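Predicted, not measured: the structure shown is a model, and the values here were computed from it. We count ligands from 1, going down the list as the structure has it; atoms in each ligand are counted the same way.
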Amino acid sequence: MTLLITGAAGFIGANFVLDWLAQSDETVVNLDKLTYAGNLESLASLQGDARHIFVQGDIGDGALVARLLAEYRPRAVLNFAAESHVDRSIHSPEDFIQTNVVGTFRLLEAVRAYWGALPEADKAAFRFLHVSTDEVYGSLGKNDPAFTETHRYEPNSPYSASKAASDHLVRAYHHTYGLPVLTTNCSNNYGPYHFPEKLIPLMIVNALAGKALPVYGDGMQVRDWLYVKDHCSAIRRVLQAGQPGEVYNVGGWNEKPNIEIVNTVCALLDELRPRADGTRYSAQISYVKDRPGHDRRYAIDASKIERELGWKPAETFASGIRKTVQWYLANPDWVAHVQSGAYRDWIQTQYVRDEAA
Ligand code: NAD
Ligand code: DAU
């Protein structure tokens with residue numbers, strides 16, 4: 001048996017493949033375009049492992065996807081591939097439309113053709129699992145209840161709008177063609193192999209490098225944090241027992257304002273890698289210009305996946321963030337190799353100190 005997993009050289013996909021192959025001998029075909037976010041070094045431990053087959057390519061290349069489906073006959077396709085960074089979507093939305101909307105559409109078309117020709121038993125057992133985000137639901141007010149699966153879609157950034165469009169396509173392929181789809185909408189992930197353009201890894205690597213820790217606006221925006229391995233276990237559970245056509249929100253009931261996250265990272269570094277001059281890492285915090293259209297608060301109501309599929313996260317925020325900081329301290333080469341790429345140019349243009357803040 002085989003899974004076709006897209007975008008598995010990225011942060012969550014790589015963690016998923018590592019966890020999957022630690023518990024199963026089912027082969028994984030990893031289709032990844034290797035954009036700036038794709039990093040095969042994250043999968044270095046699988047070198048020479050015949051259970052991991054890497055193919056560099058685009059989910060929007062229908063002929064390639066059709067060939068892979070015909071060759072490997074997967075029992076499921078898991079779609080992690082996406083442009084995922086909100087700030088990049090504000091600067092350059094085109095790539096987000098191409099991959100997240102057009103790419104998902106082409107992937108669905110190739111999968112529909114493959115699935116339609118499967119023998120009946122295989123057809124019934126087949127799954128297309130689409131990995132999506134809580135950002136499609138928009139922004140919550142301070143006292144609003146957390147997002148349920150029936151919350152209306154109100155995406156606010158080019159990123160979340162493109163993910164929302166992909167979710168609608170996935171839904172339509174179930175409703176119209178009967179494709180057995182599953183969609184997960186997860187909150188903010190953190191953990192090993194996270195590209196250091198996102199809040200938590202950026203704070204860790206900047207702190208260690210003695211650089212400013214850029215906090216957007218007033219730092220009181222709220223995100224709901226989930227350790228990446230818990231997201232992976234939720235996806236495994238949904239693949240195993242989710243009902244076709246259903247949507248599952250995934251989250252860890254861990255709402256925190258950004259400034260609290262940054263202070264927590266600083267305190268852990270103070271403990272685990274104290275600064276040579278004895279001062280605190282929090283002295284590096286720098287309030288910068290806010291992200292345009294910045295969503296104020298996300299929160300996931302994960303009751304459905306808990307109730308219907310019996311899934312719960314294993315980590316608390318305290319245990320997960322400690323593991324994460326420890327991982328970055330133990331893997332300076334991974335960080336250095338990421339930083340020696342085009343990422344450095346990006347970071348220089350991104351953070352503008354807001355003197356008024
Ligand atoms: P990431 O940016 O780290 O990785 C994305 C991967 O997709 C990269 O390896 C990249 O090379 C690949 N890719 C991009 N365009 C492609 C294309 N056209 N064809 C094939 N591969 C392509 O992203 P991530 O944080 O690992 O997120 C994975 C998925 O989970 C995304 O769909 C994202 O929307 C969703 N998600 C992320 C989070 C989070 O906090 N990171 C939370 C909820 C949902
Ligand atoms: O909610 C799920 C989403 O979480 C995923 O769908 C996205 O793919 C993922 O990138 C993430 O989006 P966010 O925009 O929430 O993540 P990011 O790490 O970019 O930012 C987290 C919060 O921290 C957000 O409120 C913006 C703020 N921030 C971010 C950066 C990079 C800062 O204050 N300073 C920063 O330098």
Task: Heavy-atom nearest neighbour in the protein, as seen from atom 43 (C) of ligand 1, with distance rounded to 0.1 Å - done: C186 O, 3.3 Å

Task: Where ligand 1 meets A81 - atom numbers and elements under 4.0 angstrom, heavy-atom basis - done: 7 (O), 20 (C), 21 (N), 22 (C)

TODO: Return a yes/no value for Y36: is any of its N or O atoms, backbone included, closer than 3.5 angstrom to an N or O of ligand 1?
DONE: no

Task: Parallel, tilted or perpendicular, as decided by the 30° and 60° cut-offs, for the rings of F147 and Y137 - done: tilted

Open item on the list: Could you check whether any side-chain N or O of Q284 sits under 3.5 Å from a backbone N or O of L213, counting only pairs where one atom can act as donor and the other as acceptor?
Closed with: no

Task: Separation of L46 CG from I53 CD1 (nearest 0.5 Å) - done: 12.0 Å

Open item on the list: Side chain, backbone, both or neither: which applies to S187 and ligand 1 if a contact is any heavy-atom pair less than 4.0 Å apart?
Closed with: backbone

- [ ] State whether the shortest distance between N or O atoms of T35 and N or O atoms of ligand 1 falls below 3.5 angstrom.
- [x] yes

Task: Proximity flag E197 to ligand 2, non-hydrogen atoms under 4.0 Å - done: yes

Open item on the list: Taking 4.0 Å as the limit for heavy-atom contacts, which would you say applies to I200 with ligand 2: side chain only, backbone only, both, or neither?
Closed with: neither

Open item on the list: I'd like to check which ligand 1 atoms, numbered from 1 as shown, lie under 4.0 Å from a non-hydrogen atom of D58.
Closed with: 17 (C), 18 (N), 19 (N)

TODO: Consider every N or O of K33 and every N or O of ligand 1, then say whether any pair is closer than 3.5 Å.
DONE: yes

Task: ligand 2 atoms in contact with N258 (distance to a heavy atom under 4.0 Å) - done: 22 (C), 23 (O), 24 (C), 25 (O), 27 (C)

Task: A14 near ligand 1 by a heavy-atom separation under 4.0 Å - done: no

- [ ] Measure from the side-chain N and O atoms of N263 to the backbone N and O of S282, and report whether any donor-acceptor pair falls under 3.5 Å.
- [x] no

Open item on the list: Would G10 count as a polar contact of ligand 1, with the cut-off being nitrogen or oxygen pairs under 3.5 Å?
Closed with: yes

Open item on the list: Does ligand 2 come near enough to S84 that some N or O of the ligand is less than 3.5 Å from an N or O of the residue?
Closed with: yes

- [ ] Look up atom CG in N30 and atom CG in L78, then write down how far apart they are to the nearest 0.5 Å.
- [x] 11.5 Å

TODO: Could you list the atoms of ligand 2 found under 4.0 angstrom from a heavy atom of Y159?
DONE: 5 (C), 6 (O), 7 (C), 8 (O)

Open item on the list: Below 4.0 Å, non-hydrogen atoms only: which portion of L34 touches ligand 1? Side chain, backbone, both or neither.
Closed with: backbone

TODO: Before accepting this row, confirm whether a basic side-chain N of the pair E109/R112 lies closer than 4.0 Å to the acidic partner's carboxylate O.
DONE: yes

Open item on the list: Just verifying a value: how many Å separate D32 CG and I5 CD1, rounded to the nearest 0.5 Å?
Closed with: 11.5 Å

Open item on the list: Distance under 4.0 Å to a non-hydrogen atom of G38: what atoms of ligand 1 satisfy this?
Closed with: 8 (C), 9 (O), 11 (O)

TODO: Mark yes or no for whether S139, through its side chain, and R296, through its backbone, hold a donor-acceptor pair below 3.5 Å.
DONE: yes

TODO: Output yes when the distance from some N or O of ligand 1 to some N or O of T99 is under 3.5 Å, and no in every other case.
DONE: yes

Open item on the list: Below 4.0 Å, non-hydrogen atoms only: which portion of Y159 touches ligand 1? Side chain, backbone, both or neither.
Closed with: side chain

Open item on the list: Do I261 and F317 make a side-chain contact, defined as non-hydrogen atoms from C-beta onward lying under 4.5 Å apart?
Closed with: yes

Task: Aromatic plane relationship, F126 with Y114 - under 30° parallel, 30 to 60° tilted, over 60° perpendicular - done: perpendicular

- [ ] Using a strict 4.0 Å cut-off to heavy atoms of G57, name the atoms of ligand 1 that fall inside it.
- [x] 19 (N), 20 (C)

- [ ] Would you confirm whether D270, through its side chain, and R280, through its main-chain N or O, come within 3.5 Å as a donor-acceptor pair?
- [x] no

- [ ] Compute the ring centroids of Y153 and H168, then answer whether they are less than 6.0 Å apart.
- [x] yes

Task: Min side-chain heavy-atom separation F54-L31 under 4.5 Å - done: no

Task: Ligand-side contact atoms (ligand 2) for residue partner V86, heavy atom cut-off under 4.0 Å - done: 14 (O)

Open item on the list: Tell me whether P214 has any N or O atom under 3.5 angstrom from an N or O of ligand 2.
Closed with: yes

Open item on the list: Angle between ring planes, H294 versus Y216, binned at 30° and 60°: parallel, tilted or perpendicular?
Closed with: perpendicular

Open item on the list: Please list, in number order, the atoms of ligand 1 under 4.0 Å from a heavy atom of N188.
Closed with: 40 (O)

Task: Top protein contact for atom 32 (O) of ligand 1, by heavy-atom distance - done: K163 NZ, 2.6 Å

Task: Minimum non-hydrogen distance to atom 13 (P) of ligand 2, winning option of E83, E135, K198 - done: E135

Task: Lys NZ or Arg CZ of K304 over Y248 ring: under 6.0 Å, within 45° - done: yes

Open item on the list: V215 versus ligand 2: do any nitrogen or oxygen atoms come within less than 3.5 Å of each other?
Closed with: no

- [ ] Please indicate whether any nitrogen or oxygen in N188 is less than 3.5 Å from any nitrogen or oxygen in ligand 2.
- [x] yes

- [ ] Please write down residue, atom name and distance for the protein heavy atom closest to atom 40 (O) of ligand 1.
- [x] N189 N, 2.9 Å

TODO: Heavy-atom contacts with V131 under 4.0 Å: which atoms of ligand 1 show up? List them by number with element.
DONE: 30 (O), 32 (O)

Task: Cation-pi geometry met for R88 and Y36 (6.0 Å, 45°) - done: yes

TODO: Indicate yes or no: does an N/O atom of Y216 lie under 3.5 Å from an N/O atom of ligand 2?
DONE: yes

Task: Shortest protein contact, atom 28 (C) of ligand 1 (heavy atom only) - done: F80 O, 3.4 Å

Open item on the list: For the CZ atom of R236 and the OG atom of S233, what is their distance to the nearest 0.5 Å?
Closed with: 5.5 Å

Open item on the list: I need the K229 NZ to L18 CG distance, nearest 0.5 Å.
Closed with: 6.0 Å

Task: Lys/Arg-Asp/Glu bridge criterion (N-O < 4.0 Å) met for E315, K323 - done: yes

Open item on the list: Please list the nearest protein heavy atom to atom 19 (N) of ligand 1 with its residue and the distance rounded to 0.1 Å.
Closed with: I59 N, 3.0 Å

Open item on the list: Can you tell me which portion of Q98 lies within the under-4.0 Å heavy-atom range of ligand 1? Options are side chain, backbone, both, or neither.
Closed with: neither

- [ ] Have a look at H294, R88, Q221 and point out the one with the heavy atom closest to atom 26 (C) of ligand 2.
- [x] H294

TODO: Could you tell me whether K33 and E83 make a salt bridge, using a distance below 4.0 angstrom between a side-chain N and a carboxylate O?
DONE: no

TODO: Could you check atom 38 (C) of ligand 1 against the protein and tell me its nearest heavy-atom contact, residue, atom and distance included?
DONE: I12 CD1, 3.5 Å

Open item on the list: Taking 4.0 angstrom as the limit and counting only heavy atoms of R223, give me the atoms of ligand 2 inside it, by number and element.
Closed with: 15 (O), 24 (C), 25 (O)

- [ ] Considering only non-hydrogen protein atoms, determine which one is nearest to atom 3 (O) of ligand 1 and report residue, atom name and distance to 0.1 Å.
- [x] F11 N, 3.0 Å

- [ ] Could you find the nearest protein heavy atom to atom 2 (O) of ligand 1 and give me its residue, atom name and distance?
- [x] S84 OG, 2.7 Å

Open item on the list: Closer than 3.5 angstrom, by distance alone: can the side chain of N185 be matched with the main-chain N or O of T133 as a donor-acceptor pair?
Closed with: yes

- [ ] Check whether any heavy atom of S132 sits under 4.0 Å from an atom of ligand 1.
- [x] yes

- [ ] Have a look at D134, D87, T133 and point out the one with the heavy atom closest to atom 1 (O) of ligand 2.
- [x] D134

Task: Spacing of D134 atom CG and R223 atom CZ [to the nearest 0.5 Å] - done: 8.0 Å

Open item on the list: Would F195 count as a contact residue for ligand 1, given that I'm defining contact as a non-hydrogen atom of the residue lying under 4.0 Å from a ligand atom?
Closed with: no

